[in-house]
**Student:** 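The structure under discussion is supplied below as structure tokens; questions concerning it will follow.
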Amino acid sequence: MLGKGLSSQVGSPRIRYGDPIVLYDFVVMKACLWALLFALPLAAQHGRYTSESTNPAIGDPAAIAAGGKLYQRSCAGCHGPDGSGGRGPNLVQRRNWHPLTDEGIFSTVRNGLPGADMPPTNLSDDETWQLVAFIHALIGPAAENPAAGDAAAGEAVFWGSKAGCSNCHAIRGKGGKIGPDLTDIGGLRPLAVIKKAVVQPSDELYYLGNESVTAKLKNGETVRGVAKNRDVYSIQIIDRGGKLHLLAMNDIAELEILQRSPMPGDYAERLSAGELENLLAFLARQTLRPAGPEAK
Amino acid sequence: MLRITLLLLVAHAALAQVSNQDLLNPPPENWLTYGGTYDSQRHTKLDQITPGNVKNLQAAWIFPITSTNRLQTVPLVVDGVMYVSAPNEVYALDARSGREIWQYRRANGVNRGPNRGVAVFGNLVYVGTPDAYLVALDARTGAVAWETQIAKAGDGYFSPGAPFVADGKVIAGVGGGDNGLNGWLDAYDAETGKLIWRWYTIPRPGEPGNETWAGDSWKTGGGGTWLSGSYDPQLGLIYWGLGNPAPDFDGDVRLGDNLYTESVVALELSTGKLKWHFQFTPHDAHDWDSVEIPILVDAPFGGRQRKLMAHADRNGFYYVLDRETGEFLHGTPFIDQLNWATGLTPEGRPIRVPGVEPTLTGNFVCPSTSGATNWMSPAYNPVTGLFYLAAKEGCGVSYKGRQEFRPGGFDFKATGYIESPEEPWQMYVRALDLTTGERKWEYMQVNAKNYGAGLISTASGLIFGGDDQGTFAALDAVSGKPLWHFDANYRISASPISYAVNGRQYVAVAAGVNIIAFRLPDAD
């Protein structure tokens, strides 16, 4: 970490990081930036399918259930009972660089990965497709897969005051503007990823423009909200009222950046297990894509 | 009378040629090679744009090239004409206005890799192509003068680097290392396109260095030559950084140092014979290509004047070598987050930390595979004695698989990497003392985390560079203080240049789909 003497940015606001509160000079905040900086593009994060097989097992609840049993017997030992990994890679939070196809999964299950500790299997074609269907359901977008819970009850949770989701998040134009829009969340993310984002919002942040900030302006005003973008020279903040503030860094006396998601981190306690399951079922149904066969 | 006119036209055109003398000592108004000069210092003698007036700098023109959204071309300028390129395309522009003079399009159905620029010599413009040809175009019309196949596109090769011209030879290389395709460097006769020599980056059986590859692993060893090089005319040596070994992330199947991957090599320009080599990362498993452009400087070191080479490697270390002998003189990290080595031996070999190799479930490594720096060119200012570069902090998680080589240009990385969620990436421009590597200042490119742009230095004391957020900035070369910026708002991952036409200095850079040129406002 550099000392102050090497700082090249001058005339810029002091930047203060909340949680923990530490004062940094503008140039030495690198290690604290993780709340601002985001990983690979969303589409690459969770291995969207580049082509989906027409095999009837895909999306068939019976095949998925049968595949689930096969999975627990043959795969869970390395990849974890919920696909979250262990000796083998995490299948859900893949952030993978390879495009995903059902045929590719079939081939990997069938042949294994020679030299990489993943053994081949001797399952029949039908069994292998059941397993692929289960994995597809596990890691594919939530909207395409059956979800436990009561979506109608979850809708009430979403719009209700106990959870307060809609204070910040909008679905189809209704709701708050400060958090990410959730209209297509089920079409974009696997259920396990949505769940993690709800109960551990600060664990991994995927969205650009998710930084919770308080800007004290040189003119005495204070602007609180989410920074949609920020660079050396300017910042774009949306406040809780949905108002956009376009500010030059030179106009800011002090900028406080929260080192965690602005979203409350207590949903696992705030909601009952049933309420959470219902909320997830509701979110899983939010998609702009036509419903898949599983959703019928 | 007509005949006389024609003769005069021919004579005029002949004057516009780029001569050997021009390449050896370029007039400041022209930017004739990828690195600006053979030493690749990227330091323009133009001084009209200064720390005092740069605040007035404004965009003069924009030229869009919409066939790619990630232009990496480094423009060349010859007597008011700018040459820029994209995969399968070359354009000649009026460098004052960006107005197009001619365009060349190659209809080959292959679109592999980026294109990083052209070379010029005589009346010809040289470009490498996605189907691995070297094409020579008439600088005045864009007509094809000749073309020659560097490698077979069907094998998966392509030629993304800027060709390099010296002493009547065009040096051209290949990409394809990530597909397990072995690289080479070729020298072609600049006039005819006839092959003069070829140097293979992976030694074949019987050649020294082949023993650094277990079994037959040398056959698919990679070692691409996908950028450009530097040249010392006095020594008659060209210097080229070489790419990664393949399979990139699985080192188990290619035990040994894997020469000459991730080395800089000094080749005799006249013969292509290897004079010396220095390997930055022996037996690498993180895809840390060493293609980064070496900067040549004559400066005192250890009490006497020496011919030095300065190289900032993708592996996070800054190296100073003696470029006559390849002797390692000094090396030090230029990033804070580096966990794979504790330092360098007196010979410059990394002292490895065990347990950072890629694994099936992912292993934490700093820097990440995307590198502490990459193809973006560094710059050197002989007045400040500082080496300027795009540096990236942050870490990655690297995964290893097992993959079979498949001929024809298919991925042979044996899986890959992600950005570490705990130690995300952040780009900087940093200034290092040439001989010690000590950091003198840094400029954090807030919100920029990927690659970032190369740099130029100006005699007036400015550094220009951009970032992946599209911000193009001028910094004070001594203090690093930002003095001016322009929001191009599209990723800049190419290196800028500077040139002059009719006595006015310009700075130009490729940003996403646009070539943008800047100059001071018209005098009233």
Side-chain angles (χ1 to χ4, degrees), chain A residues 1-3 5-12 15 25-40 44-45 78-80 85-90 93-98 108 112-118 203-206 208-209 211 227 229-235 249 255, chain B residues 250 252-253 335-337 359-362 369 393-394 397 399-404 411 413-431 439-450 463 467 469-471 473 475-476 478-482 484-487 489:
Chain A
M1 200 65 96
L2 285 174
L6 297 180
S7 163
S8 74
Q9 270 91 353
V10 291
S12 299
I15 295 201
D25 214 44
F26 196 6
V27 79
V28 293
M29 60 188 190
K30 148 189 72 203
C32 321
L33 272 171
W34 70 272
L36 161 67
L37 298 166
F38 302 86
L40 303 171
Q45 287 277 356
C78 289
H79 293 290
R87 188 176 159 214
N90 187 325
Q93 303 260 338
R94 295 176 64 247
R95 304 190 202 90
N96 215 324
W97 43 91
H98 289 306
T108 303
L113 290 171
D117 292 349
M118 165 118 180
D203 211 42
E204 286 183 67
L205 295 175
Y206 296 122
L208 182 67
E211 195 178 43
N229 204 347
R230 179 167 73 89
D231 72 355
V232 178
Y233 308 99
S234 68
I235 187 167
M249 281 298 194
L255 183 67
Chain B
D250 181 9
D252 303 348
V253 298
I335 50 170
D336 298 330
Q337 291 169 288
T359 61
L360 185 66
T361 48
T369 288
E393 294 285 357
V397 182
Y399 297 82
K400 174 176 75 172
R402 187 60 45 90
Q403 200 167 5
E404 294 302 316
D411 177 278
K413 293 201 194 78
T415 80
Y417 73 103
I418 58 163
E419 177 182 14
S420 163
E422 288 79 28
E423 299 287 350
W425 301 339
Q426 173 60 51
M427 291 302 308
Y428 294 83
V429 175
R430 283 182 175 158
R439 202 179 304 164
K440 294 300 186 182
W441 56 255
E442 69 177 2
Y443 162 79
M444 186 169 76
Q445 297 169 309
V446 174
N447 223 342
K449 57 167 29 193
N450 240 327
I463 298 294
D467 63 45
Q469 298 295 301
T471 305
L475 312 176
D476 184 291
V478 175
S479 67
K481 182 181 164 186
W484 167 88
H485 76 279
F486 180 84
D487 289 319
N489 292 320

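So you know, we letter chains A, B, ... as the sequences are listed, proteins then strands, and number each from 1. The analysis underlying the following values was restricted to heavy atoms, covering all of them including side chains, and did not include hydrogens, waters or symmetry mates.
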**Student:** In Å and rounded to the nearest 0.5 Å, what is the CG to CD distance from D231(A) to Q445(B)?
**Tutor:**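 CD of Q445(B) is found 10.5 Å from CG of D231(A).
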**Student:** May I ask you to decide if the ring planes of Y233(A) and Y443(B) are parallel, tilted or perpendicular, using 30° and 60° as cut-offs?
**Tutor:**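 It falls in the tilted class, 30° to 60°.
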**Student:** Which heavy atom of M444(B) sits nearest a heavy atom of V232(A), and at what distance?
**Tutor:**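 Heavy-atom minimum between the residues: O-CG2, 3.4 Å.
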**Student:** For D467(B), is it the side chain, the backbone, both or neither that has a heavy atom under 4.5 Å from a heavy atom of chain A?
**Tutor:**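 Nothing of D467(B), per the 4.5 Å heavy-atom cut-off to chain A.
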**Student:** I'd like to know if the side chain of N447(B) reaches the main chain of R230(A), judged simply by a donor and an acceptor atom lying under 3.5 Å from each other, with no hydrogens or angles considered.
**Tutor:**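 Yes, because the side chain of N447(B) sits within donor-acceptor range (under 3.5 Å) of the backbone of R230(A).
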